[in-house]
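In what follows, residues are counted from 1 in the order of the sequence shown.
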Amino acid sequence: MSLYGFTILRNGVKYDYPFRESLRSLCALCDEVFVALGDSDDGTEAQLAEFKNIVIVPTVWDEAMRKSGLILSVQTNIALEALRAKHPRGWAVYLQADEVLNERDFPKIREDLAKAEAAGCDSLSFRYLHFWQSYYQVAIDWRWYPHEIRAVRLDSALESYGDAQSFRPIANRFETEATVFHYGHVREPAAYEKKKA
């Protein structure tokens, strides 16, 4: 089974995203990773030179689409469309720049994608650990989603929507015990304030 990756990125250095760790995990799992790289002014693109199996898709973010995080799904779909144009079959794993996979889960992810394929599923839902303010504290309450779609069949109609938290329309989802580690709220205080602003 062919396995690809896709993500979005802009000003990752300025806002202290763990995008290198995110990309390392995605590139280690996938044959090729498509990065919708927004117009950055902080040297983010230069940081991508270490990755040999990425395809950069240059983009410009429309600042008018920031309300409700809509720009995130627009950029995610740009990366997904570029991936589908080159690889119309197989599966694609999506990570945001503050999400990381653990290599211990790679066999489980591949195994469950094979099961999902055999069952005619169009998506794979991962468990989530949301780290809060440190690498030693996890947030757990109704505001923190316990699982989310992070792999889609390339020959499906699935696309990102809203603030790019998930995909739709889902016809048949497979759930894996593999975990996405979400570090979006673990930053140096100054960088976190910049990100929120």
Side-chain angles (χ1 to χ4, degrees), residues 3-87 92-103 106 126 128-135 148-152 159-167 179-197:
L3 184 57
Y4 307 100
F6 65 111
T7 188
I8 64 173
L9 182 60
R10 181 181 185 228
N11 286 330
V13 173
K14 181 192 294 185
Y15 298 118
D16 197 27
Y17 276 91
F19 68 92
R20 294 170 206 84
E21 293 80 3
S22 180
L23 279 170
R24 284 182 196 125
S25 69
L26 203 52
C27 287
L29 176 66
C30 302
D31 301 324
E32 197 170 42
V33 175
F34 284 65
V35 181
L37 181 63
D39 46 327
S40 300
D41 58 13
D42 63 350
T44 292
E45 185 169 3
Q47 298 288 318
L48 303 182
E50 74 174 85
F51 301 99
K52 305 306 179 198
N53 60 332
I54 67 170
V55 175
I56 295 176
V57 182
T59 68
V60 176
W61 285 38
D62 181 353
E63 298 295 329
M65 301 182 80
R66 282 198 172 274
K67 187 175 181 182
S68 302
L70 181 61
I71 188 64
L72 301 177
S73 60
V74 168
Q75 292 296 313
T76 298
N77 287 326
I78 288 171
L80 181 55
E81 288 166 15
L83 172 52
R84 281 178 166 147
K86 185 174 179 184
H87 304 289
V93 177
Y94 172 67
L95 287 181
Q96 294 186 353
D98 58 5
E99 298 175 343
V100 180
L101 297 171
N102 190 306
E103 61 272 12
F106 288 0
F126 287 70
Y128 262 76
L129 281 180
H130 301 278
F131 290 86
W132 177 251
Q133 298 182 337
S134 83
Y135 299 105
E148 200 51 80
I149 301 296
R150 280 297 177 263
V152 299
E159 64 178 9
S160 182
Y161 68 97
D163 64 355
Q165 183 175 322
S166 193
F167 295 83
T179 302
V180 171
F181 294 78
H182 178 213
Y183 295 108
H185 299 279
V186 181
R187 285 182 172 84
E188 291 298 322
Y192 190 58
E193 289 305 314
K194 270 188 193 176
K195 186 239 182 202
K196 287 196 298 184

List the atom of [X], the atom of [Y], and the distance in Å for their closest heavy-atom pair.
X: W132; Y: V186; answer: N-CG2, 4.3 Å
X: V180; Y: L101; answer: CG2-CD2, 3.9 Å
X: G12; Y: T44; answer: N-OG1, 2.9 Å
X: L80; Y: E159; answer: CD2-CA, 4.4 Å
X: R150; Y: A164; answer: NH2-O, 4.1 Å
X: A92; Y: L83; answer: CB-CD2, 3.5 Å

**Asked** Where do R10 and Q75 land on the side-chain contact (heavy atoms from CB on, under 4.5 Å) test, with the steps shown first?
**Response** CA-CA 10 Å; R10 181 181 185 228; Q75 292 296 313; over 6 Å; no
Between [X] and [Y], how do the two ring planes meet: parallel, tilted or perpendicular, split at 30° and 60°?
X: F34; Y: H87; value: perpendicular
X: H185; Y: H182; value: perpendicular
X: F167; Y: F6; value: perpendicular

Side-chain touch [X]/[Y], heavy atoms, less than 4.5 angstrom:
X: V35; Y: L23; result: yes
X: S40; Y: N11; result: yes
X: V100; Y: N102; result: no
X: F19; Y: L48; result: yes
X: L26; Y: Y4; result: no

Has the side chain of [X] got a donor or acceptor atom that lies under 3.5 Å from a matching backbone atom of [Y]?
X: S73; Y: G162; value: yes
X: S22; Y: P18; value: no
X: D39; Y: V60; value: no
X: S166; Y: E148; value: no
X: N53; Y: C30; value: yes

**Message:** Is it the case that the side chains of Q96 and Y17 hold a donor-acceptor pair, with the cut-off being a distance below 3.5 Å and no angle test?
**Reply:**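 Looking only at side-chain atoms, Q96 and Y17 do not form any donor-acceptor pair under 3.5 Å.
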How many angstroms lie between atom [atom1] of [X] and atom [atom2] of [Y], to the nearest 0.5 angstrom?
X: D62; Y: L70; atom1: CG; atom2: CG; answer: 9.0 Å
X: L37; Y: W61; atom1: CG; atom2: CH2; answer: 10.0 Å
X: L129; Y: F181; atom1: CG; atom2: CZ; answer: 5.5 Å
X: F126; Y: E99; atom1: CZ; atom2: CD; answer: 10.0 Å
X: L9; Y: D98; atom1: CG; atom2: CG; answer: 11.0 Å

**Request:** Show your reasoning for whether side-chain contact (heavy atoms from CB on, under 4.5 Å) applies to Y94 and T76.
**Result:** CA-CA 9 Å; Y94 172 67; T76 298; 2.8 Å; yes
**Message:** Walk me through whether D41 and K14 qualify under side-chain contact (heavy atoms from CB on, under 4.5 Å).
**Reply:** CA-CA 8 Å; D41 58 13; K14 181 192 294 185; 3.1 Å; yes
**Item:** NZ/NE/NH1/NH2 to OD/OE distance under 4.0 Å, R20 and E50
**Value:**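 Salt bridge absent between R20 and E50.
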**Sequence neighbours excluded, every pair satisfying salt bridge (Lys or Arg N to Asp or Glu O under 4.0 Å) that has a member inside residues 69-79** =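 Every candidate salt bridge (Lys or Arg N to Asp or Glu O under 4.0 Å) pair involving residues 69-79 fails, so no pair, neighbours aside, qualifies.
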